[in-house]
Colleague: 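Take this structure first; my questions come after.
This one's a predicted model, so the numbers in the text were calculated from it and none came from an experiment. Labels below follow one simple rule: chain letters A, B, ... track the order of the sequence lines, proteins then strands, and each chain is numbered from 1.
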Amino acid sequence: MKKMFVLIDCNNFYVSCERVFDPKLNNIPVAILSNNDGCIVARSNEVKKLNIPMGAPYFKYKGLLEYNNGKVFSSNYQLYGDMSQRVMDSIKMLLSGEIEVYSIDEAFIYLDSNNTENLFELFKEVKEKIYKWVGIPVSIGAGATKTLAKFANNYAKKNTKEGIFIFETPYKHKEIMKSISVEDIWGISTRWGRRLKVLGYCNSYQLCHADTATIRAYLGVVVTRIVKELQGISCIELEQVKPKKNIMSSKSFGTLLSNIEPIEEALANYVARACEKLRAQKSKAQGIYVFLHTNKFKHYESQYSNSSTIGFEYPSSDTGFIIKQAKNLLKKIFREGYKYKKTGIILLDIIPEKEMQYNLFFNDISNKDYLMKVIDEINQKFGKKTVFHLAQGITKRWVMKSEYMTFRYTTCWEELLKIK
DNA sequence: TCTGGGGTCCTAGGACCC
DNA sequence: TCTGGGGTCCTAGGACCC
């Protein structure tokens with residue numbers, strides 16, 4: 001038996017997390033909202049049946065959901081993050097092979113050849129154990145390439161009773177491939193899908209047998225790679241956890257803001273968050289990009305958006321220093337007289353701490369490194385923002401809305417599930 | 001009233017170098 | 001009169017993912 005890529009994907013993950021702690025949510029429409037309760041980012045099958053699309057603005061569908069006795073929740077990332085960890089740990093215990101945690105709710109596994117006797121039975125067991133241990137239902141797809149594993153997983157989720165599908169060869173699954181449109185293939189979306197259809201490649205089976213030279217000429221190497229992957233030739237490797245090259249932190253405000261002070265506070269918080277991530281991956285940034293804009297959906301109000309970049313003299317991961325730099329950039333781009341919706345920062349040109357180049361006049365800032373380490377440790381132990389920079393502020397006029405938040409059942413003592 | 005946040009990779013074109 | 005050819009690096013923008 002050849003080695004195989006397997007994709008395990010949690011079904012309606014955020015919704016499933018909420019259902020673990022409240023079984024009354026089973027069999028009714030449940031939707032999870034984005035930050036600020038703006039968009040619908042996760043839907044139960046009942047919500048999907050109401051034809052509510054992914055990413056839809058909540059206010060447009062609020063009535064429909066209420067009419068159908070649906071429930072909505074704000075995103076509870078601490079809960080979802082912890083549940084995700086449990087699912088991933090379970091997978092590692094149940095399957096042997098290299099694993100790539102691809103997103104919060106899915107993982108690729110490059111299965112070792114030693115556990116391939118009766119794959120279907122094996123996957124059934126994996127699925128049952130994850131449900132028993134963590135309470136989350138998953139779908140499992142397998143194939144010779146990542147693209148085929150993804151294809152198999154999508155098919156398993158929508159069209160099989162067990163939620164498991166093993167892709168063998170394009171010839172064997174000819175009819176299934178013919179029924180899947182090109183834009184439903186991983187890596188191809190509406191634009192490329194449209195162009196492929198113009199070239200006469202409408203379904204997966206047609207694309208699988210496409211002329212690669214034509215594809216290369218009209219759509220470039222990325223799509224060519226996907227065609228080969230569909231044929232069973234692996235071109236997309238399992239990715240190792242790589243340190244990020246850029247780190248972004250940005251959020252919309254809970255309300256529109258006209259003064260610079262609360263925006264500065266918000267930005268300082270995003271900087272602090274980004275710097276935490278930066279230090280966690282033991283890196284330093286060599287510059288930052290700051291942006292600010294009004295609410296582009298309010299056509300009747302005057303619009304403004306701007307951004308600015310600065311490079312540092314030395315690579316840094318010092319929150320205090322970077323807050324100062326970010327505030328300077330913000331002052332440069334801020335204009336009076338607008339109602340602002342969002343600001344954010346991207347840390348640029350990130351390099352490993354170890355590779356830092358010093359110049360002749362470098363002042364020793366190791367004390368700052370030590371200070372940051374202590375702050376990170378305290379916040380990890382005693383909770384987020386136990387210690388913070390004054391610039392992060394206490395007015396909190398910018399904080400995001402989350403009106404429908406459930407408890408952090410698994411990561412917070414005060415919010416443990418209570419049995420009455 | 002009300003429209004998320006965080007990423008990656010590829011390509012084309014310009015600046016610059018010898 | 002007549003003005004090359006080959007390369008690298010950077011950036012912006014476009015496409016995709018969850």
Colleague: So, is A:R273 close to the B:dG5 phosphate, meaning a side-chain N or O under 4.0 Å from OP1 or OP2?
Modeller: no

Colleague: If the test is side-chain contact (heavy atoms from CB on, under 4.5 Å), which one of A:V138, A:V6, A:L95 qualifies with A:V126?
Modeller: A:L95

Colleague: Mind checking A:K60 for me? I need base, sugar-phosphate or nothing, with any heavy atom below 4.0 Å counting as a touch.
Modeller: nothing

Colleague: Would you please classify the geometry between the A:F151 ring and the A:F167 ring as parallel, tilted or perpendicular, with 30° and 60° separating the classes?
Modeller: perpendicular

Colleague: In whole angstroms, how far is the C1' atom of B:dG4 from the OH atom of A:Y80?
Modeller: 14 Å

Colleague: Using a strict heavy-atom distance below 4.0 Å, which residues from residues 190-223 of chain A are in contact with DNA chain C?
Modeller: A:T190, A:R191, A:W192

Colleague: Using Watson-Crick or G-U wobble geometry with both distances below 3.5 Å, tell me the partner of C:dG6, or none.
Modeller: B:dC17

Colleague: Could you check whether A:Y58 gets within reach of a base, just the sugar-phosphate, or nothing at all, counting any heavy atom under 4.0 Å?
Modeller: nothing

Colleague: Using a strict threshold of under 4.0 Å (side-chain N to carboxylate O), is an ion pair present between A:R19 and A:E46?
Modeller: yes

Colleague: Nearest to the side chain of A:S249, which nucleotide is it out of B:dG6, C:dC18, C:dC16?
Modeller: B:dG6

Colleague: Could you walk me through whether A:T406 and A:N76 satisfy the side-chain hydrogen bond (donor to acceptor under 3.5 Å, both in side chains) test, starting with their C-alpha distance in whole Å, then the side-chain angles of each, then the deciding distance to 0.1 Å, before giving a yes or no?
Modeller: CA-CA 7 Å; A:T406 48; A:N76 186 341; 3.2 Å; yes

Colleague: So A:I188, base contact, sugar-phosphate only, or nothing? Heavy-atom distance under 4.0 Å.
Modeller: sugar-phosphate

